[in-house]
Amino acid sequence: MNTNTQTHTVKSFGEELDRLSDDVARMGGLVETLVSDCLQAVMRRDGELADSVIERDRQVDQMERDIEKRVIRLFALRQPMATDLRMTIAAYRISHELERVGDLAKNIARRCRVLNESEPHEMTRSVERMGRLVISQMHEVLNAFSAGSLDDAHSAMKTDDEIDEIYNSLFRELLTYMMEDARTISPSTQMLFVAKNLERIGDHNTNIAEMVHYVLTGEDWRRDRSMSDPDRES
Amino acid sequence: MNTNTQTHTVKSFGEELDRLSDDVARMGGLVETLVSDCLQAVMRRDGELADSVIERDRQVDQMERDIEKRVIRLFALRQPMATDLRMTIAAYRISHELERVGDLAKNIARRCRVLNESEPHEMTRSVERMGRLVISQMHEVLNAFSAGSLDDAHSAMKTDDEIDEIYNSLFRELLTYMMEDARTISPSTQMLFVAKNLERIGDHNTNIAEMVHYVLTGEDWRRDRSMSDPDRES
Amino acid sequence: MSVSAITGLALLVLIAAAFYAGRARAVAVSGDKPVRLHSLPNYHGYFLAAWTAIPALAVVVIATIVERQLGMSAWTSAALTAVLSVLAGLAGLSLARRRINTGFRARNHVERLIDVVLLASSVIAILTTVGIVASLLFESLRFFEAIDWRIDRFLFGLHWSPQIAIRADQVGQSGAFGAVPLFAGTAMITLIAMIVAAPVGLFSAIYLSEYAGPTTRRIVKPLLEILAGIPTVVYGFFALLTIGPAIRGAAEWVGDLTGIVALQNAVTQSALSAGLVMGVMIIPFVSSLSDDVINAVPQSLRDGSYAMGATKSETVREVILPAALPGIVGALLLAVSRAVGETMIVVMAAGQGANLTGNPFESVTTITVQIVMLLTGDQEFDSPKTLSAFALGLVLFAFTLVLNVIALRVVQKYREKYD
Amino acid sequence: MSTVYHDTKIENAKVELDNVGVTYGSKTAVSGVALRIPDRSVTAFIGPSGCGKSTVLRTINRMNDTIDIARVSGSVKIDGEEINSKSVDPVVLRARVGMVFQKPNPFPKSIYDNVAYGPRIHGLASGKAELDAIVETSLKKAGLWNEVADRLDQPGTSLSGGQQQRLVIARAIAVSPEVILMDEPCSALDPIATAKIEELIDELRENYCIIIVTHSMAQAARVSQMTAFFHLGDLVEYGPTEAIFTNPRDQRTQDYITGRFG
Amino acid sequence: MSTVYHDTKIENAKVELDNVGVTYGSKTAVSGVALRIPDRSVTAFIGPSGCGKSTVLRTINRMNDTIDIARVSGSVKIDGEEINSKSVDPVVLRARVGMVFQKPNPFPKSIYDNVAYGPRIHGLASGKAELDAIVETSLKKAGLWNEVADRLDQPGTSLSGGQQQRLVIARAIAVSPEVILMDEPCSALDPIATAKIEELIDELRENYCIIIVTHSMAQAARVSQMTAFFHLGDLVEYGPTEAIFTNPRDQRTQDYITGRFG
Amino acid sequence: MTSADRQSAVQKRLLKRYRDEARFRAFGIAAIVFALAMLALLIGSIGSQAISAFTVNELTLRVELDAERVDPAGDRSPDSLRRGSYNGVLQDALRAEFPTVTEREDLRDLFGLYTPLVAARLLNQVADNPDLVGQTIDFTFPISDHADLYLKGQITGRESEVLAGGFTISRADGRATIISEAGVFAAVRDAVRADLDLRADAIEARAERYETRSEAAGDAARSEQSSQDAEAARQQAAALRALTRDDGGDLELTPQLPSRLVRIAGGFVSVDAISADGRSVSGRILVDGDADTAASAEVLTLSVPQADRRFSDAQIAWTEALQARGNVSEGFNTWLFTNADSREPELAGVLGAMIGTVLTIAVTMALAMPIGVFTAIYLEEFAPKNRLTDLIEVNINNLAAVPSIVFGLLGLAVFINTFGLPRSAPLVGGMVLALMTLPTIIISARAALKAVPPSIREAALGVGASKTQTVFHHVLPLSAPGILTGSIIGMAQAMGETAPLLMIGMVAFIADVPSLSLDGLTEPATVMPVQIFLWSDGAERAFEARTAAAIIVLLGLMITFNALAVFLRRRFETRW
């Protein structure tokens, strides 16, 4: 994300900042594929794809650590100010969020293995629908970051409510499902966690959108979660 | 946490740093009571206590936002270096972790309500044991932060493995339990989430301990989670 | 004359040739790649030129000295000198030329030679002082010998009349060389001069540097500098022609009015007129030295004082003058030294009578006046009368030396403070 | 060009500049500066060389009066009183508005006399005892008392650079000014002395309205509560320091703060 | 006191100092300094005033020779060759080791002559065309060519401060040095000019071994790859800049970097 | 103390502070006014004196170059021409103008109208052009200094009154009596009486003062002295009063009274008696007239009595007559610039001294400039800090303040007595002045070198210039204007110096213009300031104006040099 038309007088500083934001975007791209792949793996019961997701999450972790290092280096050596400061802080925060998303994707991939051992689950479609929504939200957020687009960020935040709704209904359905058929308890629990993880990915996406908002405007526009959405963690 | 014997020549900078670390410690204390209270509420089926936890989490969110603001301010106005830089970064990160812990405690408190609607759960004891362990780990971590004690931090990290083990066995037990009695599915799912949340609080505690380690030594001593503990998110 | 002129010309040509030879040689040994040389080709040229010039000139100098003692005919010696010096130059050239190669540090050699020339120049200043001290001391000793070592009578004697010839059998009566009237006269005139110059000089410096606008400064400063550039003989004439008669007239008039005999007996060549004019002469000296000193006080101190709400005069009195005080004291001491050593004004305007008086309207004499009196006209270098001038010179030199040393110390200390 | 003002309420404005302009001969140094500077706080003037920040500072105690070719226009008020009016004597004004310069400039007097200088010329102390008290208090406020208490009769120039600058601050304090102007007070000092002066400025802000011109953005960030950014003779932006440094509104401020220059 | 060295392998050491000490008369300025400075990188010397950082810098081109009372001990090697030996002519050495000073000091000659001076006295160009080429290349490397190409015959002193400093750098480059020493090259410049010089230093590091003494920690952080911290005449700590600024090992370094002073 | 308290405290002292301020400022202005007033007085008094020296009255006579007298050998050879009696020729020419003057004493007075030295000029003219022998030529030369001063009105005040009404003149025995029909001489008589009364009054007033002082005086001796003075004055006054008494006899004009000359019928009569009735005057004939009657007469009143001047009434009459005949004309005094010194003021010029100055200063600069600059370079750039250089430093600073006369003593003792160099020579003078100027040049050169910022040296050293290259490539060129300025100032200072040159005998009277060459260096010469000193002491009054004129010339030179220095400084001044 480049928030400034003019270049830094000290070019290398500008380059470092650009590289940081590029890295975050790249990390975002990787995490996005992880999320979509793990969903794919669940849908198609594709164990190999799941393994690959688990494998690739280590890359994400490494990327987070790199970005974190680069951020600390920037603070120590460049003392960024104003938009640069906000950008640096945001990169740090966003990479952290992405790492969590990566973890969650990996977690979904792991559950995929367990699910593969049991019958195909009926709720898979619903979860997939939710997954698509999360992925599209994530795409929007990452776009917002790369292009510095405030509108995309705001739209992504709104999507989160929708995701929460889907999750809530899914949760109830899954409970019903388990009660109906005790054999499905284990896969359903896994499914529950998949849904839960997707919901949490949505939360992280929202956080990222909030950071984008902060970088662009300098305002802290975090929604007071407990107020707007009292039950979203349930 | 004060890592330096000498005082800053510019006293107000030193004071701001001290205040930041005090605030983090205070936030830690508050979150610690939230965790212990939510556990209490689950054990004693105490709806009011649960409400109070949910209420107090908003305070935690506010504190996180304050600390974040103070950190950005420090970066912009003071350009902290070396230990001061690490301390500032850590405060930012730790406050974030604590906020997550607060959210998780709030989440547990919410589940407490659902649990109260059903019969007392048999697994409560086991969850309580796990809770006690998490709380003691948290205590240790916060001590490590306040006193700048590397030993406490390392010991807390080790505790995390123990917590993961308990969680894994609890997970299996709860699954068995649900399969045995379909009526317990709903409360058991809640319990599952309570346990999961406790496990995740343990993770956050570990992260905080890692940050303490970083502040004190300047080394990034994060465990490669996927390696050491392949199944901990399962 | 013509032979030596030709010799000179020949040597110049030779030296120039040596320079070009050196340069060409250097380029040649480098294989037309001067970058490979340690020193630039020009330095090789200089090196060769120097090694040609030094032996040649040495021969010329030796020849000049030897010539006097041998008493050869002028033409022969000149011709011989010419031949020998050119030969010496050629010898030096060919010897030096062999040393040129790529690694040869011609520059270092040339630079060492320059160092020697520079050092030799600066020794001349020391030789001057040695010359002064030696000549004064030597002649003074002869004088003291002539007055039978009664230095006390010279220094503390009250009667000065060197015109009385002192015969060999009258040596004991050299009381005529009592220099106290001269010292007193010098002191009085200096005092008068300083009374005029110190306040006027100081205040004009203050006004010009602190109060005057740029236009005033641009006009007044050069005018004051003109005052400094006027030769002392002109001041003497001014005193003689204008100030002396004016003072005498005024004094007589006041004297007639008041009946003060001292005023009525005023003369044209008086201590007052000499002192007053000398004071005027010293004004620019004091003011420019003070001006330097005041300007050396950093602007930041003035700003500091103005920012405290001080007025200009408060700033000057409380900040600038204390800061500049050592410098000003040094300047005044130098001015005193100058007044004491000033000659022409007193010679022309103060008279010659060795009066021991406190009356500024009388004519007095000073050390410098007496030196001039004693040494102009025909001199007998063995007469104590002539020699006494050197003794006076010695006193004058010693006194001004002490003053200068003190003044320079003070000024130097001051300078260090703001450097 | 118009100035960007952050919407911070300044209720206790001590110094108010309105449409202030300064010309040197035919050259316009600054123009159209309007500022409301709060009491009991530190306000920093920042900007690239030649932006006019020092010039504006010097309008506040009329130090531009000492420069022949300087002409000041507009209104400068302290406590609501116009200081450019003829009825205000600059001598009296400067007793109310202290100033500290780039290079420490203690007078070539004793430490005591340096501090006593202002009270003496303005006749603020009625006796030796009172003067002693003023000197002691001022030196204490300037954080120099402990270092010089036993050698008040030594020349002020014998102190180190940082001590000299604190002595100069003590000297300014001695006439109990209401406003203290500082023109790059640390640019001649090393980082250690600089830190001490910054510390002192931070303490003094409890009692005075301090305005500091600084070359160093970092210093402005550290010591000031309000920051004014000047550029090419214009006041570009004015607001709380934190806002200026984390979220400047004007593009020029942004570029300057983040190190993107022309 | 012994120095803390971060364990970074320096394989391409250009300059090696071993047990270097400098005394001025009876005063010891620095002692026991041992350093291996890598080629094609920027090494910063930082530390409080009087810590000896400039003194050490000046041992590298024997500028201490020009001070009568200075005595240098120990060994300084460039490319493994001892430079303090008698067989090394300091004049030749200084053509290999360029130096840039605190205050921009162009000669009061034309821009062209400023740059051409070094090549001329060292006889580096055999003709006008070659000299022209050297001047142009040097000015280009110093990032000044575009600004001055059309006025090479104007005096160097007519340039702005920052341009002057870049001219001085071009002048140093013109004799193709291997090492460039910079003694607080930006302390007389405003932030904009400073940024440009820093940018230039960053570019030059591709071809030269640059050693810079700086007052400003921030500057050291920005431009250097290696940092040496001096304190009271000792080399306290030496290592990669990032490590020095985020995780210094010696308490004194830590205190200095974080602004905790004596 | 509250803000308001402080305000009022400040306000209270304000009035007094501003009064102090005004007083201080007034002192400064007074000091400058005083200094400038002295400068104006100096320039004014000398300038006004000098003006008259720049013009001169020249006398043109028809001179008959009688071959026998100017060319005794008759072969037109230079030798012969040199033995000619040119003075006699001139005397004859003058006698031809006033044929009536025959008395030996009168003739001596008449020949006093020119100086015999001009005969040498006539000789030169003839020697250059031997064809002139036997011709009669117009020869122009400066009239004697007294005549010149008279014509410029500097010897005596002169009032002229034309009386009308018809006069008859009777001549006898070299005396003449002029009778006025109208008794117009009464006015002259009354004026003389009034003058006498005025003088008597003044002397009586003085006597009174002596008397009062005698009474006031404490000791007897002084009282006695004063009363004697008073007595003498009383007697003097009484004698004057006696002259004025109208006793019917002629009123006698003694030489102690202002002279009256009557110009009548082309002749001059000096009046020594006026008849009591004012109808006639009588006196000596100074210039014979051409008629016995005249319609008008002009009475010249010369305010300075003949006894008080060295230019007699007769000489005045002749001068007036010559002027009336058109033989005298006033013109620019070229002699002042083309002649060397002379005993006769009208012939004295500054050329010799100027050439002496040029030679001396040339030696001074040739020695002092290189040595001074080299020394400065050595001390400032090369000298190690050690005792020797410290010594040199202190030394130079002290030398700068050593009185100039001491350098003269050095020159006398060392150059003349020890080395045996010639006295009075520009070479020695130049050497002495060089030693004297050396410190000035060294100090200013050092200041100029020091003004070159060390950063330039560092810069040069930094790119690998050697120390010598640094100095000669950068430092010296940059400091050249400063060094040059300092040198010019030192030169001007040396040019105005007198005292040391007195010591080495450059006070000699040099009537020949020295040669402007190497040989001139060792020949006796004098310089401008010394010339001024010599003239200021001159016995002739006419030297006073010439001294002033020489001063103006010298000042002109020095101001030119100083202006050059100022110009150089302004032009090349560099601010670092």
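Quick note on labels: first sequence line is chain A, next is B, and so on, each numbered from 1. Not measured: the values here are computed from a predicted model.
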Interatomic spacing from CG in C:L334 to CZ in C:F285 - rounded to 0.5 Å = 5.0 Å
message = Return the CG to CD1 distance between C:L289 and C:I294, rounded to the nearest 0.5 Å.
response = 11.0 Å
ask   = Are D:E147 and D:K196 ion-paired here, with the side-chain N under 4.0 Å from a carboxylate O?
value = no
request  = Side chain from CB out, backbone as N, CA, C, O: work out which of these in D:V100 comes under 4.5 Å of a heavy atom of chain C, or both, or neither.
outcome  = neither
query = Checking D:R171 against chain C: side chain, backbone, both or neither under 4.5 Å from a heavy atom?
reply = both
inquiry  = Just so I understand: if I count every heavy-atom pair under 4.5 Å between each of C:P214, C:A310, C:G213 and chain D, which residue has the most?
reply    = C:A310
request  = Can you see which heavy atom on C:I282 is nearest to which on C:A335, and at what distance?
outcome  = CG2-CB, 3.7 Å
